[in-house]
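In what follows, residues are counted from 1 in the order of the sequence shown.
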Amino acid sequence: DYRKLMCKPSDVTFAVKEYNDPLQPLINTDLMDLSSTSTEKEEAKKDENVLFGMVIGFTLPPSAYATIALRELTKRPTSSDYQTKLELSGKCERNLI
């Protein structure tokens, strides 16, 4: 059997989140759930540089890859040259576009 060339994800959900710290998770990890820690510490401060993130959830059939679906959705280059220029501080991707 070969993989399908195209497939459609199901159960698609999304939420736009505002945040200031690019190192802070946008959703709870399994470890955070076990230790009763929450990502909802505080809302993004309006006086700082506010960043926007999107939390996306979907289901794909077997042999389909979520990384490929996200690559198509974001339309971002996947070359190692582009990826090495990304930073988790300052304006993040804003200066690369």
Side-chain angles (χ1 to χ4, degrees):
D1 286 323
Y2 290 96
R3 293 186 190 120
K4 292 182 179 181
L5 183 60
M6 294 177 61
C7 64
K8 184 177 179 180
S10 60
D11 305 322
V12 178
T13 61
F14 70 94
V16 176
K17 303 250 183 167
E18 292 183 7
Y19 63 101
N20 297 106
D21 183 3
L23 299 178
Q24 177 67 29
L26 296 178
I27 60 172
N28 282 354
T29 63
D30 291 338
L31 182 60
M32 293 170 89
D33 287 341
L34 289 173
S35 63
S36 300
T37 307
S38 176
T39 57
E40 302 296 325
K41 290 183 181 176
E42 61 183 50
E43 283 189 26
K45 297 173 185 168
K46 300 298 181 193
D47 57 338
E48 294 183 22
N49 287 335
V50 176
L51 300 169
F52 293 92
M54 183 177 288
V55 178
I56 303 171
F58 53 86
T59 302
L60 292 173
S63 297
Y65 294 95
T67 52
I68 301 299
L70 292 173
R71 186 181 303 160
E72 289 297 315
L73 181 66
T74 60
K75 301 293 185 198
R76 292 284 176 221
T78 56
S79 68
S80 59
D81 183 47
Y82 177 83
Q83 297 293 321
T84 56
K85 292 179 184 176
L86 294 176
E87 298 178 3
L88 287 177
S89 61
K91 295 185 177 183
C92 297
E93 278 192 78
R94 293 181 197 155
N95 56 1
L96 293 178
I97 298 174

query = For the residue pair Pro9 and Cys7, what are the closest heavy atoms and their distance?
reply = CD-O, 3.9 Å
request  = Looking only at non-hydrogen atoms, find the nearest pair between Ala69 and Leu60 and report the distance.
outcome  = CB-CD1, 4.5 Å
message = Quick check on the hydrophobic clustering: are Phe52 and Phe14 connected, directly or via other members, by side-chain heavy-atom contacts under 4.5 Å?
response = yes
ask   = For residues 50-65, which residue pairs qualify under salt bridge (charged side-chain N to carboxylate O under 4.0 Å, His left out), counting only residues two or more places apart or in two chains?
value = none
key: Residues in side-chain hydrogen bond (donor to acceptor under 3.5 Å, both in side chains) contact with Ser36, at least two apart in sequence or another chain   = none
message = Quick check: do Leu73 and Ile56 have side-chain heavy atoms less than 4.5 Å from each other?
response = yes
ask   = Excluding sequence neighbours, so at least two apart, what forms side-chain hydrogen bond (donor to acceptor under 3.5 Å, both in side chains) with Asp33?
value = Asn28
query = Do Phe58 and Val16 share a hydrophobic cluster, counting only Ile, Leu, Val, Met, Phe, Trp and Tyr and linking them when any side-chain heavy atoms are less than 4.5 Å apart?
reply = yes
Closest non-hydrogen atom pair between Met32 and Ile27, with its separation = SD-O, 4.3 Å
request  = List in chain and number order the residues that pass side chain to side chain contact (heavy atoms under 4.5 Å, CB included) with Thr74, two or more places apart in sequence or in another chain; answer none if no residue qualifies.
outcome  = Arg76
inquiry  = So, using side-chain hydrogen bond (donor to acceptor under 3.5 Å, both in side chains) as the criterion, who are the partners of Asp11 when residues are at least two apart?
reply    = Thr59
task = Verify, without hydrogens or angle tests, whether Glu18 (side chain) and Gly53 (backbone) share a donor-acceptor contact under 3.5 angstrom.
result = no
request  = Supply the atom-to-atom distance Leu70 CG to Lys75 NZ, rounded to the nearest 0.5 angstrom.
outcome  = 12.0 Å
inquiry  = If I compare all heavy atoms of Asn20 with all of Leu51, which pair ends up nearest, and what's the gap?
reply    = O-CD1, 4.0 Å
